[in-house]
Amino acid sequence: AVSIRLVVADDHPIVRGGLRRMVELEPDLEIVGEADSADALFGVLAHATADVLLLDVGMPGPGVLEVLRRAHAEHPA
């Protein structure tokens, strides 16, 4: 089965946990990393191959557009 690999970045553990439980019910989805901050996200992206980034737009730290620009620049695939 083709698996879509996800990274979840949200500063709320309850949100990440809920998303994880929902994804676990889908056989073609897999969470390959989780992050609670922009810094943690870039650490995860350095080691995980992901197809989709689920990003909390209200996470503390750099703005969402800056995070997206950097993520795309460093990991264009």
Side-chain angles (χ1 to χ4, degrees):
V2 174
S3 183
I4 298 171
R5 298 167 305 235
L6 307 161
V7 170
V8 177
D10 194 296
D11 59 319
H12 297 96
I14 291 173
V15 172
R16 290 192 318 272
L19 287 169
R20 175 170 288 286
R21 282 189 284 290
M22 288 180 1
V23 166
E24 287 171 349
L25 297 173
E26 299 297 327
D28 58 342
L29 299 177
E30 174 187 11
I31 293 180
V32 295
E34 295 182 25
D36 62 0
S37 68
D39 288 339
L41 170 62
F42 292 111
V44 168
L45 292 177
H47 298 94
T49 301
D51 302 305
V52 175
L53 169 60
L54 295 176
L55 177 62
D56 174 7
V57 299
M59 207 165 40
V64 67
L65 293 179
E66 181 180 334
V67 171
L68 287 173
R69 280 187 199 105
R70 180 175 167 195
H72 181 67
E74 293 179 11
H75 308 281

Donor-acceptor contacts, no H, no angles, side chain residues 56-77, under 3.5 Å, sequence neighbours left out:
unit_1	atom_1	unit_2	atom_2	d
Asp56	OD1	Gly58	N	2.8
Arg70	NE	Glu74	OE2	2.7

Hydrophobic clustering (ILVMFWY, side-chain heavy atoms < 4.5 Å, transitive) - are [Y] and [X] grouped together?
{"X": "Leu6", "Y": "Leu19", "answer": "yes"}
{"X": "Ile4", "Y": "Leu55", "answer": "no"}
{"X": "Val8", "Y": "Leu29", "answer": "yes"}

For this session: Inspect the surroundings of CD1 in Ile14 and state if more than 12 heavy atoms from other residues, nucleotides or ligands are less than 6.0 Å away.
Result: no
Exercise. Looking at residues at least two apart in the chain, or sitting in another chain, which of them share a side-chain hydrogen bond (donor to acceptor under 3.5 Å, both in side chains) with Asp11?
Worked result: none
Exercise. Between atom CG of Leu54 and atom CG of Asp10, what is the distance when rounded to the nearest 0.5 Å?
Worked result: 9.5 Å
Report all side-chain donor-acceptor pairs from residues 33-48 shorter than 3.5 Å, counting only partners two or more places apart or in another chain.
unit_1	atom_1	unit_2	atom_2	d
Glu34	OE1	Arg16	NE	3.4
Glu34	OE2	Arg20	NE	2.6
Glu34	OE2	Arg20	NH2	2.6
Ser37	OG	Ala40	N	3.1
His47	ND1	Gly43	O	3.0

Seminar exercise, completed: Looking only at heavy atoms, the pair that brings Asp51 and Ser3 closest together is OD2-O, 3.7 Å
For this session: Could you give me the CA-CA distance, side-chain angles and deciding distance for Thr49 and Val32, then say whether side-chain contact (heavy atoms from CB on, under 4.5 Å) is met?
Result: CA-CA 7 Å; Thr49 301; Val32 295; over 6 Å; no
